[in-house]
Amino acid sequence: MGCNQSKSTEVAPPSAAVTTSNDKNTASASLKANRSSSPFAKKASQTPHPAALYHHLLSGLNPTSSPESVVKALSESFWEEARQLCCSNPALASYIDPSTHGTPLHVACSLGSAQVISCSVSRVAMLCIKTIVDECPEAVSHRDRHCHVPLEGIFSGMCAAKGTSMKLNRSISDLFYFRTETTKMLLEHDPESVLLRGKILYQIIESLPDDVEAPLGPTVGLVKLLVDQGGASAQVATAPKGVTRSLEGVDVDSILSEPEDDDVLALLYRRFVRQFDQSERFFEGDNSREEVVRHRQNFKNAAVNTFNVIELLLRQPNVEQDTENDLLVHNAVRAGACPPDLLRYIVETNLEAVAEADSKGNLPLHYAAGFDDVYAFSTAASRKCSVPPRFKAPESHSKYVIDELLYAYPEGASVTNADGVLPIVLAIESGKKWIGGGIRSLHEAYPLGIEQAHLGEQHPLMNAMSFQSQEDESVDQSMIAELLEGRDDREGTIATGVDGGGGRRRKRRQRRKINKDESHDAIMFVQRPGAPVRDVVTTMWANEEDGGVQMLGCSALELAATEAGSSEELIASVALLGVTTVVNAMKNHPNEPAVQEKACSALMAMAPADSVREVSFAASGAISTVVSAMQAHVSDATVQKEACRALRGIAAKGGAERATVVASVSGFTALVNSMGAHPHDNGVQREACAAMEVLTSFRDAYLPELHEQTETLLQSAANKFPEDCLELTNAIRLRLDATDG
């Protein structure tokens, strides 16, 4: 992509002839004819050191003697010398370093991926690598001391070179030409040399840059290659059919496991939301000028490419029917642990697909109901591969997925698949629980379905159903009438899909009023000491209509982030999944001060993680939601104080860009109003002034002008609480006056 030649790796540089595996005799004769003029002809007769090729490639990071002093690997001559050296001494390709256990192919792949930044150099480098592979095919599957094959060097090189295109003003297409074509070459020799799941896949995706040049860009091409030829997949419930020779001695369990605090789909969705937010970003001045239009189009392209990557990785590996793999909602459900916000976005942007059946007559709801951790990992178990506990989605994940699908298509509960089985029967057979597993939701959507399960009198679910019928009889009949007539004024929920900077929103169906007895387990769970963040987050999404669960869940996330200390990475382990969950809680309960207060406290604790591993307090809607809480609860001093702290923390980490976002959503005005509403509250005055002081500390931030009312409030705070506010207010007024001047 972006190069004016075929994608085939068999592309010769201007001074080299193309050789293929079918033309080895011709190639050999050609090489012999050329050796007399080769700069290595004399060395060949002297039998070079076995490590000559290996060390030549290692020297690729050394600077050249040219005035530009660029590294050698950036030149065509470096790679041509390596190729000539291998051609004249084929045995050099088989060298194994006694210390690293690496081969020349290991070095060439990682070096080329990290350093080659032009198509012209890529052609020569790929021809060099092809020569090494032709002379020593076994090197493709050889593992070094860290158990890595050469292909993994491509991925580590990508990670090392992330951001290169921006620094060197090179196109993404130029950077990825070498990577994609070399990956294709290696996979053709051994498609099973790398298990492209879990940690390895996460590292690959994390290293991908924003692919801004055009839709279906080179990053999509690389991932499609990894999916089609390498079996890459984000479907955690799948594993290879057997351990191939290439994977012997490899800790497959370790590879399959993802980072405990994140997963590849969550990472991609955060990136997608950030890019989408940037595609609608407003700038100071004329937003129709060329650079603004280009910025927006670039990030629109990037968002499209990122979502294409999501769709590719959600596909089922080893499935021949392309039509089956095109069922996005089915794939998201079958993934087993699709992040809640991503699943909601996929469902709400593909509503018709929720009612579509696959070739087996299964709706997405059938898969959600029948998903079982033990059965899903049976392939891995048959390989005596233990499954780490973190692989198993929390029980409440099933409830969340089932509820989402039922909200979109409630009639699905009454639809049988090709075998005549209802979703509720699959849910019961998979061992799900009455409430936490989503069986109750299926039963309420289609009460007659339970009869097909043929439950015996001693079945545990019979007691749950009996208890439920007693609950139903005690429900206020007027409330039922209101529900039936659509007159329920209780709080609804908003599914944001993509939020921040003008994201889409759609009001969802009114959710059933939750009973306190029902939410007891969820409330106890989020309060459990040491509960994993992922489980707390999933429980909050599955019980998003319950304010108590949301309030206590926010407190649990705040505690986890606080206990992480000052380490941004440790705080990020909470924020990766926690920020959007807290924002969702705030949007579902805008009129509950306790939820807003605890949510703001949690955001303040997670603020140091902004911009770490695609966490974005702007794109997630955190900033605008905090300001909305301030506007809705002006009279609540506690909410105001915690919201001011949250804005201060976000701006302090995010700098001028975040300060501008705060001002653009009326955050500065909200701070002024907070001071005016609570003139005698020391805490509110102190935190509001502290937030303003941070916002005004960035000269590049675009802030509103200082009004007379603001000046009066600042002076009042300084007079009433000089110890806490005087220094802050002086700094604020000095900066704003300088800006006005």
Side-chain angles (χ1 to χ4, degrees), residues 284 558 561-562 566 568 571 597 600-611 617-618 622-631 633-634 636-741:
E284 181 182 359
E558 178 194 4
T562 301
S566 59
E568 288 185 359
I571 296 173
E597 172 198 338
C600 287
S601 298
L603 291 175
M604 172 59 184
M606 293 186 284
D610 194 10
S611 300
F617 277 68
I623 295 175
S624 59
T625 307
V626 169
V627 173
S628 295
M630 297 179 73
Q631 294 169 339
H633 301 277
V634 176
D636 192 303
T638 305
V639 171
Q640 296 299 312
K641 183 173 68 174
E642 295 304 324
C644 290
R645 291 181 66 244
L647 292 181
R648 171 168 58 85
I650 295 169
K653 177 57 168 57
E657 183 177 342
R658 290 293 184 264
T660 300
V661 173
V662 170
S664 70
V665 294
S666 302
F668 205 92
T669 302
L671 292 170
V672 173
N673 292 340
S674 180
M675 295 180 70
H678 303 277
H680 305 296
D681 192 303
N682 187 8
V684 173
Q685 297 295 312
R686 180 184 65 251
E687 295 301 336
C689 288
M692 284 189 189
E693 192 276 330
V694 172
L695 290 172
T696 57
S697 66
F698 305 105
R699 293 191 175 186
D700 295 336
Y702 182 56
L703 302 176
E705 295 181 1
L706 177 63
H707 295 291
E708 183 177 343
Q709 179 191 7
T710 309
E711 171 66 34
T712 302
L713 291 171
L714 290 173
Q715 186 62 54
S716 174
N719 293 337
K720 291 180 180 177
F721 311 106
E723 291 186 3
D724 292 327
C725 301
L726 179 59
E727 185 176 345
L728 295 171
T729 57
N730 286 340
I732 296 167
R733 284 183 289 184
L734 188 64
R735 292 166 187 164
L736 289 177
D737 288 342
T739 302
D740 293 340

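Throughout, residue positions are numbered sequentially from 1 according to the sequence presented. All values reported here derive from a predicted model rather than from experimental measurement.
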Got a salt bridge between E693 and R735, using NZ or NE/NH1/NH2 to carboxylate O under 4.0 Å? yes
Calculate, to the nearest 0.5 Å, the distance between atoms OG and CD belonging to S674 and E687 respectively. 10.0 Å
Quick check for you: to the nearest 0.5 Å, what is the distance between M675 atom CE and Q709 atom CD? 10.0 Å
If you measure from OG1 on T696 to CZ on F668, what distance do you get to the nearest 0.5 Å? 6.5 Å
Carefully, step by step, assess D636 and E597 under the rule side-chain contact (heavy atoms from CB on, under 4.5 Å). CA-CA 10 Å; D636 192 303; E597 172 198 338; 5.8 Å; no
Measure the spacing between SG of C644 and NE2 of H678 and express it to the nearest 0.5 Å. 9.0 Å
Tell me, do I650 and V661 make a side-chain contact under 4.5 Å, heavy atoms counted? no
Side-chain touch M692/V672, heavy atoms, less than 4.5 angstrom: yes
Over all heavy atoms of both residues, which pair between R658 and A651 is shortest? Give the atoms and the distance, please. CB-CA, 4.3 Å
Any idea which heavy atoms bring R648 and V694 closest together, and the distance? CG-CG2, 3.8 Å
To the nearest 0.5 Å, what is the distance between OG1 (T660) and CG (L703)? 6.5 Å
Tell me whether S716 contacts the main-chain N or O of L713 through its side chain, where contact means a donor paired with an acceptor under 3.5 Å. no
When you compare the side chain of E642 with that of M604, does any pair of heavy atoms fall below 4.5 Å? no
Taking salt bridge (charged side-chain N to carboxylate O under 4.0 Å, His left out) as the cut-off, I'd like each qualifying pair that reaches into residues 661-675, sequence neighbours left out, listed once. none
Heavy atoms, side chains only, cut-off 4.5 Å: are F617 and V662 in contact? no
Rounded to the nearest 0.5 Å, the CG atom of L671 sits from the CG atom of L695 at a distance of 6.5 Å
Applying side-chain contact (heavy atoms from CB on, under 4.5 Å) to E727 and not counting sequence neighbours gives none
With V665, which residues qualify under side-chain contact (heavy atoms from CB on, under 4.5 Å), at least two apart? I623, S624, V627
Correct closest heavy-atom pair for L728 and A690 would be CD1-N, 3.8 Å
Do the non-hydrogen side-chain atoms of R733 and Q715 ever get within less than 4.5 Å of each other? yes
Non-hydrogen atoms of A561 and M606 that approach each other most closely: CB-CG, 3.9 Å
On a heavy-atom basis, which atom in L714 and which in C689 lie closest, and how many Å separate them? CD2-SG, 4.3 Å
With a 3.5 Å distance limit and no angle check, can you tell me whether K641 reaches the backbone of G683 through a side-chain donor-acceptor pair? no
Note: S666 and Q631 closest approach over all heavy atoms is CB-NE2, 4.0 Å
Is any side-chain heavy atom of D681 closer than 4.5 Å to a side-chain heavy atom of Q685? no
